[in-house]
2 protein chains.
Amino acid sequence: MTRATLRDVAAHAGVSHQTVSNVLNEHPSIRPATRERVLAAIRDLDYHPNAAAKALRESRVTTLCCAFYGHAADEISDPYRNLVQSAFIAEANARGYNITTAFLRGDDPEGFEALHAAFKQRSLGGVVVMSTTLPTGWMRRLALWDIPTVLFDRADPEGFLPSVTADYVGGMAGLVAHHVSRGRRDLALVVPGDDLGSSAILRREGFLAAARAHEVRHRLLGGHWSAEAGELAFRHLWEGGDRPDAVLCGNDRMGAGALLAARTLGVRVPDEVAVSGFDDFEFARYTGPSLTTVHVPYAEMARLAVRRLLGRMEGRVPGHGPPEVQLPVTLVPRESA
Amino acid sequence: MTRATLRDVAAHAGVSHQTVSNVLNEHPSIRPATRERVLAAIRDLDYHPNAAAKALRESRVTTLCCAFYGHAADEISDPYRNLVQSAFIAEANARGYNITTAFLRGDDPEGFEALHAAFKQRSLGGVVVMSTTLPTGWMRRLALWDIPTVLFDRADPEGFLPSVTADYVGGMAGLVAHHVSRGRRDLALVVPGDDLGSSAILRREGFLAAARAHEVRHRLLGGHWSAEAGELAFRHLWEGGDRPDAVLCGNDRMGAGALLAARTLGVRVPDEVAVSGFDDFEFARYTGPSLTTVHVPYAEMARLAVRRLLGRMEGRVPGHGPPEVQLPVTLVPRESA
DNA sequence: TTGAAAGCGCTAACAT
DNA sequence: ATGTTAGCGCTTTCAA
């Protein structure tokens, strides 16, 4: 069974194919009677416009790419990916765009080259790159290739690419203030140290500045973004003897690990020590005790990233360099601190 | 800057546009000299074929959809999604297809309607539906709409749609045999009971049949696919007094939860009780003790699903009804059992 | 208010 | 071995 075309519909309705097109595109000057006849014909023949023909004629690209950049498998399986991706897809679909997903890694340039090729072939309109660790080299290249790009969760230090981020410095400062207001005077922050990602750096910076401002004792511990790292760090702190009265974790996964370690070691939270996370993932409500954290509006950030990307693609924003847009975060006090 | 077309290249190389097309499509009868000239022109002009024009002319659809069906947010954030999706994308890209991702839910038919519309508009060639809980009603509809579809991790009981699954019955039977061979005689399986998904049903069936065949005491416990459920179930078993000597969990997440409960309760694994999972996710190696489980080749299943889908789309497979393809699973003994 | 003509960029079929 | 012609299905002029 061969699909009906515009001309088939026209013939069926006894009008020219052009009139059918006008009806479809809701042109003003169509008599209601013809309009009805055309719509009936469309229904009769189960007509659906051919997307490829439309795309060719309008030379409009309707596909965006949601690209995840990450080194480690661990990073790629981060639960925030799901959240961000579904918000991204929903927003783009609502605006008539399709989404493809790509997984990029620094050690295989093919993924980036594929993006470039797709863009040149006009099968890709733009890309949102999700990563806190994207090297500036790739940013420069994306800007050079002139691919409409929005960075997610990472600002471009060189200012070539627009970005959507969250106020990690302020969030961490708020968390420190919260701990201090509850009487804590010896804070430890567990956050990746060897991760050049901006979110680690910013969270660390926010912590250091706020702890200094409040004039409380503070220290830093390293460890990856995983629950295991949080657990390990907590054990390390506890077994070391010089115990802090608050353990701030770089994210909720680490926070969950720290809580687990506390439970295992029989340490009462928050009586003996306060624990906090960062991100406010769904499971932060379900830890025991529930995890005090900072809500990061990832879904809203994803929607905004799409809107900014479309703004750039549809030419409403000139040049490459609209600056970083930073969304506020919210302290979420729960049982653990 | 306007993009170069085939005719621009032709003019630049002093040949007809057709010759350029022939060069691009590697037609046999092209003189090496012209070929070189054309390739040089392509490079000079940075020519890239227009994907939309090609798609229109060839009336070939190059987009597949990777659709995740799920009721609960929990299900959607399951880590296996990442694994499956990236394998799916890699395989499809390697074969010249693009992937879009969709999130479907039973209570909102719009997602399915959008698939249908995209298919009719020829912007979608086929779909792989990832879900162990997809209701037969949707299967029937996909078949009726004549959308090339492959089910992932779920067979079609009515036989309309082809599927790629894994041998959950055999895997669970192997696990039971493993426990029995290590001297266990009182087995408890923790698996969702109110989940109509076929993977829960098959894992349960495999367990029951094998336990009966080995003539060992056995029982079932409910609980969702989460770590919390595994933890809860283990506690329940332990506090109940009538303790099994092996706790089999429906998946690794539950297994990790059970191990956590054991640690918290001071129960030695595997000395006092054996614990096993199912799936062999990455973190199963990192639990304490490491988790004995069954490896399910999800990535290979994803690749196979794409190949089957393309087989159907490219007409190499007639009709709707090639049967279920079931991949073997592998027992992975570790420390916990 | 509707119809006719032209062409988006490409490839398949034929002619040379 | 290369060039010419035609048309995929649609929308944007422009004319009637």
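Owing to the predicted nature of the structure, the values given are computational and were not obtained by experimental measurement. Below, chain A is the first sequence line, B the second, and so on; all start at residue 1.
Taking only side-chain nitrogens and oxygens, B:N25 comes nearer than 4.0 Å to OP1 or OP2 of C:dT11. An OP1 or OP2 oxygen of C:dC10 is reached within less than 4.0 angstrom by no side-chain nitrogen or oxygen of B:S21. Neither OP1 nor OP2 of D:dG9 sits under 4.0 Å from any side-chain N or O of A:K54.
Closest approach of A:G125 and A:F119 over heavy atoms only: O-CE1, 4.0 Å. Nearest heavy atom pair, residue A:V61 against residue A:R122, reads CG2-O, 3.5 Å.
A distance-only check finds no donor-acceptor pair linking the side chain of B:S59 to the backbone of B:L56 [under 3.5 Å]. Looking only at distances, a side-chain donor or acceptor of A:T149 sits under 3.5 Å from a matching main-chain atom of A:I147. The backbone N or O of B:T5 sits less than 3.5 Å from a side-chain atom of B:D8, completing a donor-acceptor pair. Judged by distance alone, with hydrogens and angles left aside, the side-chain atoms of B:S198 form no donor-acceptor pair with the main-chain N or O of B:R154 at under 3.5 Å.
A:E113 CD to A:R141 CZ: the interatomic distance, rounded to the nearest 0.5 Å, is 8.0 Å. Taken to the nearest 0.5 Å, the CH2 atom of A:W145 stands 13.0 Å off from the CZ atom of A:R140.
Comparing the end axes of the helix from C:dT1-D:dA16 to C:dT16-D:dA1, each fitted to five base pairs by superposing C1' atoms of four pairs onto the next four, gives an inter-axis angle of 40° (nearest 10 degrees).
Using a 4.0 Å heavy-atom cutoff across all strands shown, B:S59 reaches no nucleic acid atom at all.
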Using a 4.0 Å heavy-atom cut-off, write out nucleotides 1-6 of chain D from 5' to 3' as B (base contacted by protein), S (sugar-phosphate only) or - (no contact). SBBBBB
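Atom pair B:L6:CG and C:dA12:C1' shows a separation of 14 Å (rounding to whole Å applied). Separating the CD atom of B:E26 from the P atom of C:dT11 is a distance of 12 Å, rounded to the nearest angstrom. One can place CZ of A:R122 at 11 Å from P of C:dC10, the figure rounded to the nearest angstrom. As rounded to whole Å, 8 Å separates atom P of D:dC10 from atom CG of A:L24. As a whole-Å value, the separation of A:K120 NZ from C:dG9 P is 15 Å. When rounded to the nearest whole Å, the span between CG of A:D8 and P of D:dC8 equals 11 Å.
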Under-3.5 Å N/O pairs linking protein and nucleotides 14-16 of chain D:
none

B:Y97/B:M313 under side-chain contact (heavy atoms from CB on, under 4.5 Å): CA gap, chis, key distance, verdict: CA-CA 12 Å; B:Y97 286 81; B:M313 282 172 55; 3.8 Å; yes
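For B:F112 and B:W138, the ring centers sit closer than 6.0 Å to each other.
Using bins of under 30°, 30° to 60° and over 60° for the plane-to-plane angle, the ring pair B:H116/A:H48 lands in the tilted bin.
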